Q: 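This structure is in structure tokens; I'll ask about it shortly.
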Amino acid sequence: MRFDELSLSAALLRAVAAEGYDKPTPIQEMAIPPALAGKDVLGCAQTGTGKTAAFALPILQKLSATGETRGRRRIRALVLTPTRELAAQVADNFVRYGAQTTLRTVVIFGGVSQVPQVEGLKRGADVVVATPGRLLDLIQQGYVELGGVEVFVLDEADRMLDMGFIHDIRKVASHVPRKRQTLFFSATLPEDIRVLASDLLYDPIRVAVDPPASTVELIEQAVCFVEKGDKLNLLKHLLSVPELRRVLVFARTKHGSDKVVKLLKRDGVGALAIHGNKSQGARTRALDGFKAGDTRILVATDIAARGLDVEDIDLVVNFDLPHEPEVYVHRIGRTGRAGGRGTAISFCAQEERDDLAAIERLIAMHLIRVSDHPHRSPIPPPPVTTLKGREKPGSGRTPAPTEGAVRRSSDRGHRRGPRRTHR
Ligand code: AMP
């Protein structure tokens, strides 16, 4: 399908062409037509699938087609996102896709002064992209009036629930007119999300896409069995490969990420941490330095890395394995973006072996077991077992950029056929 088959306006088609998009992604193909028709949409898709344009383009089209540009603007579309980074990114997409319209977008999030945000609101906004907490603050102070909202979007709803925003979301929803269009996106659809969706959506069209192909097809995924006390040495060993210019390291906790940075720095390895305890300024600086290539290693927690859109990450390291297997998929999706090849290496200590098994079940493949690294766990690795009969011999993989620092012991980390996270 082509973009011009989606009944989008000429202004939006030009904006999409200016972004260099040749054709809609699957979620865009599926979600844009019902969204343009005014239907509610329940989309199961994660970052990297092009979901932002899937809701932004129909919203921009709707608002510019029926826009009252005279008089005071009112907020006609509201997008809620879990994190500041994602809010900024989504708002930036609205601005870029709407460059040839007269619509205005304002972004609202906490951790920074509210003054510029309030000034933006006073100048008038058609679209507001916000995190729930600061939005509720500004509603209370009388700076935000949501009575004119025609389209309400929840982006990464599962992550918002994980972050404890359920009450805030419901409170925000109570300020939005009942008669509205709701577009609801979530990477996963556990029970609490289904309940929320059924309360907020009216007769939705359901659309679902698999995570970006890169997750399975293009990312070299390996695991090193290493005990906790040796993880840092193994990380330093990996980082000794100079070709790795941009490395994203995931730690489970804020404290853990600070500790990794501190110990790397002590050994002369430059790294910065990004997590929720850092000020917004520090997070933005760390991210900008990483994007610009000034910071080679960024150590992040999951929440801080949500929505992180950095191209050309050479390696993702899971310093700790996440307890929820879906989080693993989000993490590794940071490498191999835009169709490029990427590499993800996970460190697995003895107490994390159950987490690894859950991940391998979810992605229906085994990670490549790296046995010849210098900090091997003395405990023998767990056996590679059949995953629901999906095994498919052979991998046809190309060597990872880490080859040399870490070589695989055998070719056992093959792909196992199509991955399904959403059933
Ligand atoms: P998202 O899932 O919305 O975070 O989008 C992930 C990335 O895909 C962003 O860098 C977008 O700019 C890009 N993107 C969105 N739609 C398309 C498209 N149709 N073709 C190519 N890239 C796209």
Side-chain angles (χ1 to χ4, degrees), residues 1-9 12-33 35-36 41 43-61 77 79-99 105 107 127 129 153-160 183-188 207-219 246 248 287 290-291 302-313 316 326 329-340 342 421-422:
M1 186 182 253
R2 297 189 315 258
F3 270 110
D4 60 10
E5 293 172 274
L6 282 174
S7 315
L8 291 168
S9 67
L12 293 179
L13 290 177
R14 281 196 298 273
V16 159
E19 290 296 313
Y21 304 166
D22 319 327
K23 58 181 176 60
T25 64
I27 191 73
Q28 291 162 4
E29 257 185 58
M30 286 188 275
I32 290 176
L36 280 176
V41 174
C44 192
Q46 62 170 231
T47 299
T49 54
K51 67 178 167 56
T52 314
F55 60 79
L57 294 172
I59 288 175
L60 290 165
Q61 171 125 333
V79 183
L80 284 187
T81 73
T83 64
R84 309 152 184 190
E85 283 79 10
L86 187 61
Q89 201 170 296
V90 168
D92 180 56
N93 283 4
F94 268 94
V95 170
R96 292 214 313 265
Y97 301 147
T105 299
V107 62
V127 179
V129 183
V153 181
L154 285 99
D155 192 15
E156 304 204 348
D158 52 350
R159 188 58 38 178
M160 287 202 273
L183 309 174
F184 186 110
F185 287 84
S186 188
T188 55
V207 296
V209 292
D210 277 344
S214 58
T215 326
V216 222
E217 306 299 331
L218 294 172
I219 298 176
R246 205 169 277 152
L248 179 60
L287 203 53
F290 190 57
K291 281 185 181 172
D302 292 303
I303 286 171
R306 194 74 185 178
L308 192 99
D309 190 14
V310 181
E311 306 228 318
D312 297 331
I313 291 179
V316 165
E326 289 83 3
V329 178
H330 288 302
R331 287 180 177 188
I332 67 161
R334 310 282 143 200
T335 179
R337 283 205 147 185
T421 36
H422 314 304

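Just so it is clear, the values below take in all heavy atoms, side chains as well, and ignore hydrogens, waters and symmetry mates. Since the model is a prediction, treat every value here as computed from it, not as a measurement. Residue numbers start at 1 and run along the sequence shown. Atoms within a ligand are numbered from 1 in the order they appear, just like the ligands themselves.
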Q: Which atoms of ligand 1 have any heavy atom of Gly50 under 4.0 Å away?
A: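 In order of numbering, the contacting atoms are 1 (P), 2 (O), 3 (O), 5 (O), 15 (C).
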Q: Does only the side chain of Gln28 get under 4.0 Å from ligand 1, or the backbone, or both, or neither? Count heavy atoms.
A: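 Under 4.0 Å from ligand 1, Gln28 contributes side-chain atoms alone.
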Q: Taking all atoms of both residues into account, what is the closest heavy-atom pair of Leu60 and Leu12, and its distance?
A: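 Heavy-atom minimum between the residues: CB-CD2, 3.9 Å.
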Q: For Phe185 and Phe55, take the angle between the two ring planes, folded into 0 to 90°, and tell me which bin it lands in: parallel under 30, tilted 30 to 60, perpendicular over 60.
A: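 Rings of Phe185 and Phe55: tilted, as their planes differ by 30° to 60°.
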Q: Rounded to the nearest 0.5 Å, how far does CZ of Phe290 lie from CG of Leu248?
A: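 These two atoms lie 5.0 Å from each other.
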Q: Can you tell if the side chain of Pro24 reaches within under 4.5 Å of the side chain of Ile32, non-hydrogen atoms only?
A: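 Not in contact.
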Q: Where do Thr25 and Thr49 land on the side-chain contact (heavy atoms from CB on, under 4.5 Å) test, with the steps shown first?
A: CA-CA 7 Å; Thr25 64; Thr49 54; 5.5 Å; no
Q: As an exercise, identify every atom of ligand 1 less than 4.0 angstrom from a heavy atom of Thr52.
A: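 So the answer, numbered in order with elements, is 1 (P), 3 (O), 4 (O).
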Q: Say whether Asp22, considering both its backbone and side-chain N or O atoms, lies within less than 3.5 Å of an N or O atom on ligand 1.
A: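 Asp22 vs ligand 1: no N/O contact under 3.5 Å.
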Q: Within a distance under 4.0 Å of any heavy atom of Lys23, pick out the atoms of ligand 1 and give their elements.
A: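 Per the distance check, 18 (C), 19 (N), 20 (N).
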Q: Against heavy atoms of Phe3, which atoms of ligand 1 measure under 4.0 Å?
A: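 Under 4.0 Å from Phe3, ligand 1 has these atoms: 19 (N).
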Q: So which heavy atom on Met1 is nearest to which on Lys23, and how close?
A: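 That would be O-CB, 3.4 Å.
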Q: So, regarding Arg96 and ligand 1 (criterion: nitrogen or oxygen to nitrogen or oxygen, under 3.5 Å), is there a contact or not?
A: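 By distance alone, the answer is no.
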